[in-house]
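To keep things clear, I will list the structure first and then write my remarks on it.
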Amino acid sequence: MMPETTDVETINRRRMNLALGIVVLIASIPILVTYFILMASSFANQMITGSMVGQLTFTLRNWILFFEGKLTVASAAVYSAWDILRYILNTFIVAFGVMLVTTALATMAGYACSRMKFKGRKFLIQLLILLHAFPGVSLIIAVYALYIFSKEPIPSQWWTLYAFIYVIVARAALEIPMDIWIMKGFFDKVPWEVEWSALIDGASRIKVWKDIILPLVKPGIAAVAIFSFIAGWGALIYVLVFLPPTEKTLATYIAGLLAGGSLEVVHLPVVAAAGTLYLLPTLVFFSFVRRYMLQTSLSGIKG
Amino acid sequence: MVSIRLDKVTKRFGKVVAVNNVNLEIEDGKLYVLLGPSGGGKTTTLYLIAGIYKPTSGRIYFNEKDVTDLTPAERNVGLVFQNYALYPHMKVYDNIAFPLRLRKEPKSKIDSKVHEVAKFLRIENLLDRYPHQLSGGQQQRVALARALVKEPSVLLLDEPLSNLDALLRVYIRAELKRMQQDLGITSVYVTHDQSEALAIADKIVVINKGIIQQEGTPEQIYENPRNVFVATFIGNPPMNIVKGAVLEDGTIETTGSRLTPPPAVLEKIKRLKLKNILMAFRPENAVVSEHPMEGRFSPMGDLFEVEPLGRDAVVTVTVGEFVIKVVMPTKEAMQLRIGSKVYVNIDPNTIKYFDPNTELNLEYIEA
Ligand SMILES: Nc1ncnc2c1ncn2[C@@H]1O[C@H](COP(=O)(O)OP(=O)(O)OP(=O)(O)O)[C@@H](O)[C@H]1O
Ligand SMILES: [Mg+2]
């Protein structure tokens with residue numbers, strides 16, 4: 001459609017978008033300012049505050065220090081560069097692990113909840129919401145007991161690997177109920193007839209699922225993927241509890257820097273560099289899946 | 001070359017009996033219309049033929065071959081859904097090519113077939129668009145193209161025109177009929193629009209509450225409905241019903257007017273020991289006037305409404321518990337006064353007689 005058409009919907013949407021945009025912008029100013037200070041500080045000789053703008057200089061030193069595992073210019077390296085890389089890798093492992101497990105299970109279970117008739121389906125769907133309302137922390141004792149118990153028969157050289165798997169699955173388990181609910185909503189919008197049509201055209205069940213249904217719920221999958229990625233990326237308590245103390249993620253690394261009074265000894269812009277790095281993948285990942293989330297591929301279906 | 005046979009087919013959804021013990025034979029190359037009110041079981045019957053639903057009991061045959069346990073794909077049917085069910089994420093071209101790609105046909109063959117069917121349905125210029133960029137009529141053609149491109153043995157259409165405006169509907173249904181005849185493809189067409197059914201069907205199957213009410217050519221269905229339901233469902237306005245008392249001497253009386261039924265009818269009335277009888281007549285076979293007319297059966301009632309529709313008007317009269325609609329020249333109708341006592345003068349030769357207990361047309365009751 002031509003952009004200059006003046007149908008009712010377009011006008012309303014434009015005004016709505018403008019109004020919404022302004023509101024969102026105003027509401028976001030504190031957050032945006034905070035993020036800006038964080039990122040800019042990581043490239044400055046000192047933390048940016050209002051009074052010392054004049055004395056700032058640009059530098060990459062904070063990043064170099066961070067990757068050398070040093071916390072101040074003078075100090076010896078507390079962590080090796082190798083450690084830092086490993087922490088970054090660990091963070092990715094946990095984040096992608098949680099994302100993969102959550103997205104795969106939530107997509108399949110969401111389809112089942114939307115399409116299949118089985119006993120107790122309604123109850124299960126209501127339970128999903130309740131489960132999501134459970135704070136993860138309150139479960140951790142039981143989850144920990146289960147961890148200790150299930151670790152027993154495993155040879156000790158595998159424990160680290162097992163800890164990673166355990167963290168991923170346990171953290172994913174917290175995300176899955178809500179994401180099943182989200183996916184169910186997307187599957188509900190796909191008409192049965194589209195599925196049947198493909199069956200009549202000669203597609204196998206798997207083919208229908210892969211070529212017809214999944215593309216139609218792509219926005220849902222993208223949303224669930226990014227939510228669970230963020231959840232895994234920021235996972236703190238479960239990582240602290242289950243991973244051995246030597247295996248940190250960026251979240252626990254930064255938390256460690258900030259904890260126990262060490263804040264007064266470290267060079268803050270180094271922490272800012274760590275924080276910036278911690279933010280970055282989420283932004284990249286978000287911009288990557290954003291176009292899927294906004295796809296309105298169901299708009300062509302009537303009835 | 002496929003004929004279809006449903007043998008004592010029943011489909012239940014929990015407690016609902018959507019299709020109830022249906023026996024039906026659909027001849028090869030003919031266009032059958034399943035006609036009935038909403039919830040009558042039309043779509044369910046169609047889906048049973050397609051293989052989307054499995055019957056709760058009964059068997060389905062294509063050419064004497066039992067297909068009851070075959071998948072939809074194995075039955076090789078083309079189905080146009082009521083909401084078209086196009087694949088929204090695929091362009092029109094890919095929608096039409098989808099069934100061919102599943103058959104692993106060579107690319108060049110797929111391409112030529114898609115263009116051939118697109119040309120046939122005049123949607124060649126739309127192949128590059130997405131379904132949501134099409135009008136209802138265009139979507140309908142794409143759905144039809146997708147169903148036809150695989151050269152199905154049976155074409156099934158579920159209210160394919162219900163989303164179109166009245167003019168386009170009349171135009172496309174004629175086109176559909178011609179296409180069906182050209183291809184000689186066995187077709188089942190579902191609609192709740194009786195005029196659509198009368199216009200395109202080789203045979204009409206009237207279905208209500210999951211039960212086949214009558215099966216026949218449009219003429220048979222229109223001229224000689226098998227029961228009261230069919231009589232009051234077909235036609236616009238449909239047939240009128242009046243009730244009469246059967247007197248000792250064999251005549252029928254309504255509001256003082258008397259009628260001597262034909263001997264065959266009289267005989268059946270006697271054999272069935274009917275005290276009352278239902279009489280049905282078409283709106284065009286009666287005239288409303290202030291005085292009873294000679295040679296006509298003329299029940300008396302109150303004039304309720306006159307709706308002029310150009311040359312003709314629809315005149316509504318209440319006779320006892322029954323509402324009667326008569327189509328007559330507007331000029332004469334305008335002479336009548338609303339609320340006055342009038343006579344509905346029915347041509348006795350056009351009256352159909354129904355048993356009030358079974359609501360069956362006496363002609364369909366074995367002598
Ligand atoms: N999947 C289903 N589950 C439960 N009941 C169903 C289902 N499909 C149909 N029914 C019921 O079966 C009956 C027949 O439905 P069907 O869809 O065949 O009617 P129809 O004649 O196609 O009506 P319409 O003109 O409204 O499309 C209805 O009472 C309906 O509620
Ligand atoms: Mg229907």
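The model shown is predicted, which means the values in this text are computed figures rather than measured ones. Chain letters run A, B, ... following the sequence lines, proteins first and then strands; every chain starts at 1.
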Quiz item: Is the closest side-chain heavy-atom distance between Ile212(A) and Phe98(B) below 4.5 Å?
Solution: yes
Please give me the minimum heavy-atom distance between [X] and [Y], naming the atom from each residue.
| X | Y | answer |
| --- | --- | --- |
| Gly202(A) | Ala73(B) | CA-CB, 3.4 Å |
| Ser197(A) | Arg146(B) | OG-NH2, 2.8 Å |
| Pro191(A) | Asn83(B) | CB-ND2, 4.2 Å |
| His89(B) | Pro215(A) | CD2-CB, 3.4 Å |

Take atom [atom1] of [X] as the centre, draw a 6.0 Å sphere, and report whether it contains more than 12 heavy atoms from other residues, nucleotides or ligands.
| X | atom1 | result |
| --- | --- | --- |
| Lys54(B) | NZ | yes |
| Arg103(B) | CZ | yes |
| Phe187(A) | CZ | yes |
| Phe13(B) | CZ | yes |
| Leu89(A) | CG | yes |
| Lys177(B) | NZ | yes |
| Leu20(A) | CG | yes |
| Ile206(A) | CD1 | no |

Practice problem: Check whether any side-chain N or O of Tyr87(B) sits under 3.5 Å from a backbone N or O of Asp211(A) as a donor-acceptor pair, and report yes or no. | Solution: no
Quiz item: What is the distance from atom CG of Asp201(A) to atom CD1 of Ile96(B), rounded to the nearest 0.5 Å?
Solution: 11.0 Å
Quiz item: Could you state the interatomic distance from CZ (Arg75(B)) to CD1 (Ile200(A)), rounded to the nearest 0.5 Å?
Solution: 9.5 Å
Quiz item: Would you call the rings of Trp196(A) and Tyr47(B) parallel, tilted or perpendicular if under 30° counts as parallel and over 60° as perpendicular?
Solution: perpendicular
Quiz item: Pick from Lys207(A), Glu193(A), Glu195(A): which one has the most heavy-atom pairs with chain B under 4.5 Å?
Solution: Glu193(A)
Self-check item: Interface moiety of Tyr130(B) toward chain A, non-hydrogen atoms closer than 4.5 Å
Solution: neither
